[in-house]
2 protein chains.
Amino acid sequence: MSEEGRAPTIYDVARLAGVAPSTVSRAFSRPGRVGAETAARVHAAAGELGYRANPLTRARQSGRTGAVGLIVSDVTNPVHFGIIRGVEEAAARAGYTMLLADAQESEEHERTALERLLPGVDGMVLASSRSSDRAIRAIAKQRPLVVLNRIVPGSRCVVADTEAGVRSALAHLRELGHHAVTYVAGPAASWADGRRWRALLDLGPEHGLKVTRVGSPAPTVSGGLAATAELLRARPTAVVAYNDLLAIGLLRGLAEAGVDVPGQTSVVGFDNIFGADICTPPLTTVAAPLRAIGSQAFLELHRQLDREPLRAQPVLTLPTQLVVRASTAARRRHAD
Amino acid sequence: MSEEGRAPTIYDVARLAGVAPSTVSRAFSRPGRVGAETAARVHAAAGELGYRANPLTRARQSGRTGAVGLIVSDVTNPVHFGIIRGVEEAAARAGYTMLLADAQESEEHERTALERLLPGVDGMVLASSRSSDRAIRAIAKQRPLVVLNRIVPGSRCVVADTEAGVRSALAHLRELGHHAVTYVAGPAASWADGRRWRALLDLGPEHGLKVTRVGSPAPTVSGGLAATAELLRARPTAVVAYNDLLAIGLLRGLAEAGVDVPGQTSVVGFDNIFGADICTPPLTTVAAPLRAIGSQAFLELHRQLDREPLRAQPVLTLPTQLVVRASTAARRRHAD
DNA sequence: GTGAAAGCGCTAACAA
DNA sequence: TTGTTAGCGCTTTCAC
């Protein structure tokens, strides 16, 4: 019943069903506002013709696209796997399509992706954004927005409980007999980096741990590899890395330098990404409920889209959990 | 100069510039068809008003969205990292936006994602599609399409040179003294799986290697873990896995079972994904030029979009390369 | 509950 | 080169 030139429109359906085009429109966009029998006739005709609403036109008219955008700071960082799947799943369940874009760890890319995506979506989820609070609030003015892994005052946010995670990591290290810990930092533009470092600094003393910090060129495996040199000078007995990717790079760098992990140095990561359990030694890490963060973010967005009453507090904090694997061990009595 | 209720339209710009709305439209959508001075006036007015073309309306009118879709069989499979980045980069360079969707290894999800994406894009790239050739050809009728990691007769395709890759892997194993190799298969719906198995079967004898095959529940780390049991029965001295994820799972399963890799069993993967060099032992694998595959796919699509003459042959084959790491070694004289 | 008709913002003939 | 004028397919008043 198709194979003709172009796709059937509401006019075709209307003619076949013997109703007005507006009735067809209504039958689809607001069922209930149309008589049961009429609706049945319309749907029958539509089925026969293989009618499908033109989503672009519909979007333009109604102002709703039925899609939400997700921009991640880096699609190739496994930390986003769970987040992507979480958003995707919750969105699909609500009948929304998720459009994914990649900021490639660059603020400029992020802005471009955003500009491209924004007109085609009803709302946005920003994961690990590298933009300024100001820029983010500007977006929030244009479209409903939820921010992930970051707190932007005035915006709805979903984050992991960094403090609790850091606390458990510190307690773990302390229990193992460590007296000091070195933090290998992430990107300056990362909110999570600031938060993690801050928590370490604040909570270290409580746990009897001296906290120091070294930089890293990038929150990636090769960034960790590169950061090893500086670590080798200080020779800490325990290090906490900004994220697992960095930690994995550290693991490799230390191994290449002949430093035994965890014998001489314990290493803790963040996020518990894919890869954290296949490296050697498997990584002890502060796990975040990534999938839940993603789905909660969508749910929060959905409330905004439907103008439902929002949760009282704008920031939703999800629990973290220390996953102990083999990269941490008791401090050796006699450091070499 | 904005802050009013709604976004300025071509009409606003036209009024301010003292030209007709159609001239404004032309000034933006086909520069050159408008007088230089007029164009300048229009752009000045547009700038003053902060005018931005409504992309949805434009898309509906012109039939071009300026976006291309990329559907990957699984965003959380690192094999797609390079592909995504490749498409993304080439698309951005050409002024296109890439919209990414995830099929989650399910034909149904793939279809849904496609339906959602298709109306909003000018063309599609399908990576590692799990759909039938028939379904794929049906899409190709609706929009320009390029298929990746798969050959669909009648469609433009970009693939890696599986045969060459398999040949080098087999030569490598043979050199190490192996006489037989077991293939751990991927998903039945995967074209690459069929291709790899076929190549192994065809080329094994040439290299003096007996080829057998076992199944796996899924092309993932846990799938590999699960496939180990069957492998343990046969105790091959060399195995080739459908992909790196599976191989990594195998590595872990074998380690847990006390089988030394590569001492007792050599393992070869496919793709050289992120993770192949952080596992233990680092994986020997047939590397594909993933990023190039992605960018070539977009370029091919771009030719179709611009109705440029296509390359003579519909299938573009990119070279593979065996990356030898530590998961392969000489066959032990006396197998246990 | 249903129909008629007026747009939405833009592009694309067609004229001038 | 530029203006005039139809639409595009849908949603949305506003009557009936």
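Here is how names work: the chains are called A, B, and so on, in the same order as the sequence lines, proteins then strands, and each is numbered from 1. Values below: all heavy atoms of this structure, side chains included; hydrogens, waters and symmetry mates excluded.
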Exercise: do Arg291(A) and Ser295(A) side chains pair donor with acceptor under 3.5 Å |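 No, no side-chain donor-acceptor pair sits under 3.5 Å.
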Are Ser131(B) and Glu110(B) linked by a side-chain donor-acceptor pair shorter than 3.5 Å?
->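 There is such a pair between these side chains.
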Is there a donor-acceptor contact under 3.5 Å from the side chain of Thr65(A) to the main chain of Gly120(A)?
->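 Answer holds: yes.
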Aromatic ring pairing Phe28(A)/Tyr51(A), orientation class (parallel under 30°, perpendicular over 60°, tilted between) |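 Aromatic pair Phe28(A)/Tyr51(A) classed tilted.
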Whether Phe81(A) and Phe81(B) hold their rings parallel, tilted or perpendicular, with breakpoints at 30° and 60° =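 Because their plane-to-plane angle lies in the 30° to 60° range, the rings of Phe81(A) and Phe81(B) count as tilted.
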Scan residues 36-44 of chain A against DNA chain D and write down, sorted by residue number, each residue with any heavy atom closer than 4.0 Å; if none is found, say none.
->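 Residues of residues 36-44 of chain A that come under 4.0 Å of DNA chain D do not exist, since none gets that close.
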Provide a list of protein-nucleic acid N or O atom pairs under 3.5 angstrom, restricted to nucleotides 9-12 of chain C.
{"from": "dG9(C)", "atom 1": "O4'", "to": "Arg60(A)", "atom 2": "NH1", "distance (Å)": "3.2"}
{"from": "dG9(C)", "atom 1": "N2", "to": "Gln61(B)", "atom 2": "OE1", "distance (Å)": "3.0"}
{"from": "dC10(C)", "atom 1": "OP1", "to": "Tyr51(B)", "atom 2": "OH", "distance (Å)": "2.8"}
{"from": "dC10(C)", "atom 1": "OP1", "to": "Asn54(B)", "atom 2": "N", "distance (Å)": "3.3"}
{"from": "dC10(C)", "atom 1": "OP2", "to": "Ile10(B)", "atom 2": "N", "distance (Å)": "2.6"}
{"from": "dC10(C)", "atom 1": "O2", "to": "Gln61(B)", "atom 2": "NE2", "distance (Å)": "2.9"}
{"from": "dC10(C)", "atom 1": "N4", "to": "Tyr11(B)", "atom 2": "OH", "distance (Å)": "2.5"}
{"from": "dT11(C)", "atom 1": "OP1", "to": "Arg58(B)", "atom 2": "NE", "distance (Å)": "2.8"}
{"from": "dT11(C)", "atom 1": "OP1", "to": "Arg58(B)", "atom 2": "NH2", "distance (Å)": "3.2"}
{"from": "dT11(C)", "atom 1": "OP2", "to": "Ser25(B)", "atom 2": "OG", "distance (Å)": "2.3"}

Measure across Ala127(B) and Leu70(B) and return the closest heavy-atom pair with its distance rounded to 0.1 Å.
->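 Answer, listing the atom of Ala127(B) first, then Leu70(B): CB-CD1, 4.2 Å.
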Neighbour count >12 (heavy atoms, 6.0 Å) for atom CD, Glu108(B) |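 No - once you tally the heavy atoms of other residues, nucleotides and ligands closer than 6.0 Å, there are 12 at most.
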